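Residue numbers begin at 1 in each chain, while the letters A, B, ... track the order of the sequences. Here the structure is a predicted model, which is why all the values come from computation and not from measurement.
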Amino acid sequence: MTSSSEFAKVYDPAQVEAPLYAHWRDQGYFQPADGDAPHFTVVLPPPNVTGRLHMGHALTATIEDTLVRWHRMRGHRALWLPGTDHAGIATQVMVERQLAKEGKTRQGVGREAFLDKVWEWKEEHGGIIDEQHERLGASLDWSRYRFTMDEVSSRAVREAFVRLHEQGLIYRDYRLINWDHGSQTALSDLEVEHTETDGKLWHIAYPVADSETGERLTVATTRPETMLGDTAVAVHPDDERYQHLIGEHIELPLTGRKIPIIADDILVKMGFGTGAVKVTPAHDPNDFATGKRHDLELIQVIGFDNEFIEPAPAKYVGLTVQAARKAVLADLEAAGLLVETKDHKLSIGRSQRSGVIVEPLPSTQWFVKVGPLAEKALAAVEQGDTVIYPQHRTADYYRWMENIRDWCISRQLWWGHRIPAWHCESCGAITVAREDPSACSECGGADIHQDEDVLDTWFSSGLWPLTTLGWPAEDNELPRFYSTSLMETGWDILFFWVARMMMFGLHFTGEVPFKTIFLHSMVLGEDKRKMSKTKGNVVDPVSLIDTYGTDALRFYLCTMAGQDAGIVFSKARVEGYRNFCNKLWNAARFASMKLDGLELERWRAEILDDPATGLERLSTADRWILGRALALAEDFAQKLGDWRLDLAAHAAYQFVWHELCDWYLELSKRRLSADADPAERHATQGTLATVFDLVLRVLHPMIPFITETIWQRLPRPAGSGDSLMLAAWPCAPEAGAGEGDARTLAGPVAQVGALLADARVVEAGHDIERLIAVVTNHRMLKAESKVSPAQPVDVVVRTDDAAVAASLARVAESAQFVGRMKSLTILGADDQLPKACSVAVVGGVEIGLPLEGLVDLDEERKRLGKEVAKKEKALGGLEKKLGNEKFVAKAPPEVVAKERERLVALKDSLAKQRALLERISQ
RNA sequence: GGGCGCGUAACUCAGUGGUAGAGUGCCACCUUCACACGGUGGAAGUCACAGGUUCAAGUCCUGUCGCGCCCA
């Protein structure tokens, strides 16, 4: 690709992202490699074709893309499969709304024409979310794009339906279903949202028929209007109050009907209310079950339009449920039968789509018998074939699978997979077939018509891991990519797709659809509440990308990926990661300005291929940063492997900002200047380039755009390839790649174990640590003494330890440079710091600022006094701890030893500070 | 009602029994030749509360309170 070596002063994501993404995509980089390397396959949970990207999608895509890119760089056959879901109700409603604007209805235009409209709409307005995934940098293999209504999916749906029907796992039945009168369709249990609402509990007196004493039986209900459909009253068989009434009848008010009083120990709880319960089998799931047990009549008084119908008494027919309730209550009141009204909390089920209250109504529908499917899905997780993270979510999965009810899959919609069943007008038989039949399979009659209903969208999305790989075609890709590696999604929809994909995947292939299920938390608004349009707390990821860049958003989401509670969105943090990107950019800008003349291959040959003498050519800082960069690569991989994207991101952030930028770049400036010794300059140039190469590879999976852009502009080893996307990850060793000191990496530095263990690298680490302590403390002293940072001062350090002195000597020049000191003098055991001196003590080193005439001795005494008091307090605590016999006896020896070391160091430091305090007090 | 998770600096979050951390914000200072989307230094904590286990608890156990999500 064309790359400019020009670095703007500020990183501008908008300039690089779109062209870079197009380049990756057009080069075919998103397609899996050939060969027999292990595969890493992920199916993107299919978003609605009508959908817009929200923070949950962005989180899923970021986590998945990070892991997919990581595996791709590790040489695995990485495949990430995109696509969308036809979203039955949502899409149909959207097109119906459009028609309504033209004054039309779907019934008016007819089924065929309506479906044409929907397809038209889908072509025009669908798939926006795909473009939004592109903006996120998602390395999805678009060449394998799938839509749940396309040919492959349709064939799969038909195959699955027919097979399940043949196996007796799909059946048709007349029973209570959740009816959404807004969308005029049945719903599955999961499409009903329950909300707690303030309601009433009404007590109604039902006169006992033919009672000589005028006895009345009081029932309590939250839905008085349904009494018009009552076909029994139930009491508990053990309830002594009502023994004499069992088998008698009730004169059902307002209807003129007589209904039996029955005994039922499942429906009735003796302690609740009056102990007598009205039974309305047509309008309540529990009552429906009771009706089955007692062979009760089913009287449906509420119709599919939310209005009362016959055989309800004529005066109520045509009333809405709400109006009927008012009328019934008024009539009962007038009849003196309404005995009590109480406040009562109840849970109301609303349609997830249309928002109307869902009415349980009796209807003939198609169902999946999920028991046998759930059993296998349960066992797969129990056996560990599929592992769920975080682990505690496994219990939710079990509980749900164990209590699952049969799944109503027919929908009275037009947009969806039409049920492959044909009804015979002659004999009434139903023919279920893979290919459209022309005659009834029973009687051979030609007068057949296809079932009007379509399947629940989830029926097709449940087949997603199969259809995305081409199932059920003969030449499908299941052998190469199934079971997939990972399903990543929010824990709130574990049951929607994850559970269904598990059931179908196992049933049709015998293998789990995914090895790992990784569930992330919900992204909440800045007000800590679930994002919703009505609350107005929705954050749009695309506008965040516009403002801060894709990488900033991705990095933020990575740092949140480990959250177990809700993720409370924080714009400030996204901004912080935007700043991080800019920091990285500017560090690279600096490097690009300093790397002229670098011959990287020569450097690699001299330094890396011959570490024995090569390391000698590097500065202390070079050796240190090289070791740190390699340690980061290993640490990062380890954390990704543990699903801790947050910790990995944090480690990389700390390295880039607080080691690479804060210290290494500063330390290297002198050796990188044009007038530096050419050999030294070259050694440091090579280190700088190599460290950048390493850190860019490490960060690429999380922040792909900026890392690729920089990588293209900085020198890199020959044979690294054309794109960072496909460059080798400096990976933790695979099996056989060596252990300990012998372990090697595939990235720019091969002998990682040996390098990290090299005594010279270890020593460099200690030296730089010491340098940082000296420089930091001297800055602190200057600031405390109110000396201008611009004014260079003389610095004196003193130590009793010859080894420490030697270490200090190795870094003295560098310390002087980065600390902008006038001079740095190292004193030994026999020397003393000057008297008029501001002092800090750290790690056995006294750091002094002899500020003749500048230091205010009173201030310095105060400051030192405070320090001494602080340390005395710490010392007291430590002595007490070590004086505790139990601690010494029971704590692990290494802990005790560590505390003893601390005590010695603290005593030493305290003694020195006391002495200094005394000296300046003279 | 049941289940799960979370309460750590002003805010957003790490912290895997052994010296309480990061980023942002705040205060002071700095136009140091990569970066003010920057640099240097600093202040800031009853780790929700109450018990318990332990030599040692932010971390483990029990309870209480608060928040969130899922299921019914």
Side-chain angles (χ1 to χ4, degrees), chain A residues 7-12 189-190 192-194 196 345 347 349 390 392-396 398-400 403 490-495 519 521-522 524 526 528-530 548-549 552 556 559-560 562-594 642 644 646-647 649-651 653-654 657-658 661-662 665-666 669 672-673 775-792 818-820 874 877-878 881-892 894-896 898-899 902 905-906:
Chain A
F7 275 86
K9 197 171 169 183
V10 175
Y11 173 61
D12 181 9
D189 292 344
L190 277 176
V192 182
E193 281 178 349
H194 297 268
E196 183 119 310
K345 290 229 186 277
S347 146
H392 62 84
R393 292 283 155 202
T394 309
D396 290 344
Y398 289 159
R399 195 172 24 259
W400 194 78
N403 297 312
W491 70 42
D492 55 328
I493 45 182
L494 175 67
F495 310 124
L519 300 168
S521 182
M522 322 275 7
L524 308 174
E526 296 202 89
K528 303 194 182 189
R529 307 187 66 93
K530 199 174 173 179
Y548 299 110
Y556 166 69
T559 65
M560 292 292 113
Q563 263 289 92
D564 221 2
I567 297 166
V568 180
F569 177 72
S570 166
K571 201 175 184 173
R573 279 188 77 146
V574 180
E575 192 173 330
Y577 296 122
R578 186 270 315 262
N579 296 351
F580 171 73
C581 288
N582 192 54
K583 187 75 177 177
L584 180 65
W585 177 260
N586 271 286
R589 179 168 181 253
F590 167 78
S592 77
M593 288 159 52
K594 298 290 185 185
D642 291 340
R644 292 305 303 266
D646 57 329
L647 298 184
H650 185 71
Y653 182 103
Q654 288 298 316
W657 204 309
H658 299 302
C661 291
D662 283 357
L665 293 190
E666 296 304 323
K669 273 177 182 169
L672 288 171
S673 72
V775 171
T776 306
N777 277 281
H778 126 267
R779 281 177 188 154
M780 183 266 291
L781 292 173
K782 266 174 92 174
E784 297 266 316
S785 309
K786 305 270 188 282
V787 177
S788 159
Q791 183 177 348
V818 297
R820 294 171 202 285
L878 250 180
K881 193 174 193 180
L882 282 163
N884 182 345
E885 282 172 31
K886 285 180 181 168
F887 170 71
V888 178
K890 293 195 178 179
E894 63 271 20
V895 172
V896 179
K898 207 173 149 195
E899 296 293 313
R902 274 185 63 211
L906 198 58

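Remark: P of U19(B) and NZ of Lys881(A) are 7 Å apart, rounded to the nearest angstrom. In this structure, Glu885(A) places its CD atom 11 Å from C1' of C55(B), rounding to the nearest Å. Glu899(A) has its CD atom 11 Å from the C1' atom of C55(B), to the nearest Å. Distance Lys886(A) NZ to G17(B) P: 23 Å, rounded to the nearest Å. In this structure, the CD atom of Glu894(A) is 13 Å from the C1' atom of G17(B), given to the nearest Å. Note: CG (Asp396(A)) to P (G2(B)) measures 16 Å, nearest angstrom. Summarising the geometry, the separation between CZ on Arg393(A) and P on C71(B) is reported as 11 Å, rounded to the nearest angstrom. When rounded to the nearest whole Å, the span between CZ of Arg399(A) and P of G5(B) equals 10 Å.
Between the side chain of Tyr548(A) and the backbone N or O of Tyr577(A), no donor-acceptor pair lies under 3.5 Å. Between the side chain of Trp585(A) and the main chain of Asp12(A), no donor-acceptor pair closer than 3.5 Å is present. Side-chain N or O atoms of Asn586(A) include none that pairs as donor or acceptor with a backbone N or O of Val10(A) at under 3.5 Å. No donor-acceptor distance shorter than 3.5 angstrom exists from the side chain of Lys571(A) to the backbone of Glu526(A), with no hydrogens or angles considered.
Pairing for G51(B) is with C61(B), a Watson-Crick or G-U wobble pair whose two hydrogen-bonding atom distances lie under 3.5 Å. Base pairing annotation: C69(B) forms a Watson-Crick or G-U wobble pair with G3(B), both donor-acceptor distances under 3.5 Å. Pair assignment for A22(B) gives U12(B), based on Watson-Crick or G-U wobble hydrogen-bonding distances that are each under 3.5 Å. Pairing of A28(B), defined by two Watson-Crick or G-U wobble distances under 3.5 Å, is identified with U40(B).
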With sugar-phosphate taken as primed atoms, P, OP1 and OP2 and all else as base, the protein-contact string of nucleotides 33-40 of chain B at under 4.0 Å (heavy atoms; B, S, -) is -BBSBSSS
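With rounding to the nearest 0.5 Å, the separation of NE2 in His650(A) from CZ in Arg644(A) is 11.5 Å. Taking CZ of Arg902(A) as the start and NZ of Lys881(A) as the end, the distance is 6.5 Å to the nearest 0.5 Å. A distance of 5.5 Å separates CD in Glu899(A) from CG in Leu878(A), rounded to the nearest 0.5 Å. One finds the NE2 atom of His392(A) at 6.5 Å from the CH2 atom of Trp491(A) (value rounded to the nearest 0.5 Å).
On the P atoms, C26(B) is 42 Å away from U64(B), given to the nearest whole Å. Rounded to whole Å, the separation between the P atoms of C13(B) and A72(B) comes to 28 Å. The separation of C61(B) from A57(B), taken at their C1' atoms, amounts to 11 Å, rounded to a whole angstrom. Nucleotides G42(B) and A9(B) are separated by 14 Å at their C1' atoms, to the nearest Å. Using C1' as the reference atom, G58(B) and G39(B) are 33 Å apart when rounded to the nearest Å. Taking the P atoms as reference points, A14(B) lies 30 Å from G52(B), given to the whole Å. Of the P atoms belonging to A50(B) and C4(B), the separation is 25 Å, rounded to the nearest Å. C6(B) and A48(B) are spaced 12 Å apart, taking the P atom of each and rounding to whole Å.
Nearest to the side chain of Arg529(A), among G23(B), G18(B), G68(B), sits G68(B).
Annotation for Glu894(A): atom CD counts as buried by contact number, over 12 foreign heavy atoms lying within 6.0 Å.
If you find the closest nucleotide of RNA chain B to Arg902(A) and to Leu524(A), the one lying nearer the 5' end belongs to Arg902(A). Where His194(A) and Lys898(A) each meet RNA chain B at their nearest nucleotide, the meeting point lying more 5' is that of Lys898(A).
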CA sep, side-chain torsions, deciding dist, call: Phe590(A), Lys669(A), side-chain contact (heavy atoms from CB on, under 4.5 Å)
CA-CA 10 Å; Phe590(A) 167 78; Lys669(A) 273 177 182 169; 3.6 Å; yes
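Between Phe569(A) and Tyr556(A), the ring center distance clears the sub-6.0 Å criterion.
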Using nucleotides 8-15 of chain B, report all nitrogen or oxygen pairs with the protein that are shorter than 3.5 Å.
from, atom 1, to, atom 2, distance (Å)
U12(B), O3', Val568(A), O, 3.1
U12(B), O2, Arg573(A), NH1, 2.8
C13(B), OP1, Val568(A), N, 2.5
C13(B), OP1, Val568(A), O, 3.3
C13(B), O4', Arg573(A), NH1, 3.4
C13(B), O3', Gln563(A), OE1, 2.9
A14(B), OP1, Gln563(A), OE1, 2.1
A14(B), OP2, Gln563(A), OE1, 3.1
G15(B), OP1, Arg644(A), NH1, 3.0
G15(B), OP1, Arg644(A), NH2, 2.9

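The residue Pro390(A) sits apart from the nucleic acid: no heavy atom pair falls under 4.0 Å. Within the 4.0 angstrom heavy-atom criterion, only backbone atoms of the sugar-phosphate kind lie near His658(A); the bases stay farther away. Here Trp491(A) lies in heavy-atom contact (under 4.0 Å) with sugar-phosphate atoms only.
Proximity of Lys530(A) to the phosphate of C70(B): a side-chain N or O atom is located under 4.0 Å from OP1 or OP2.
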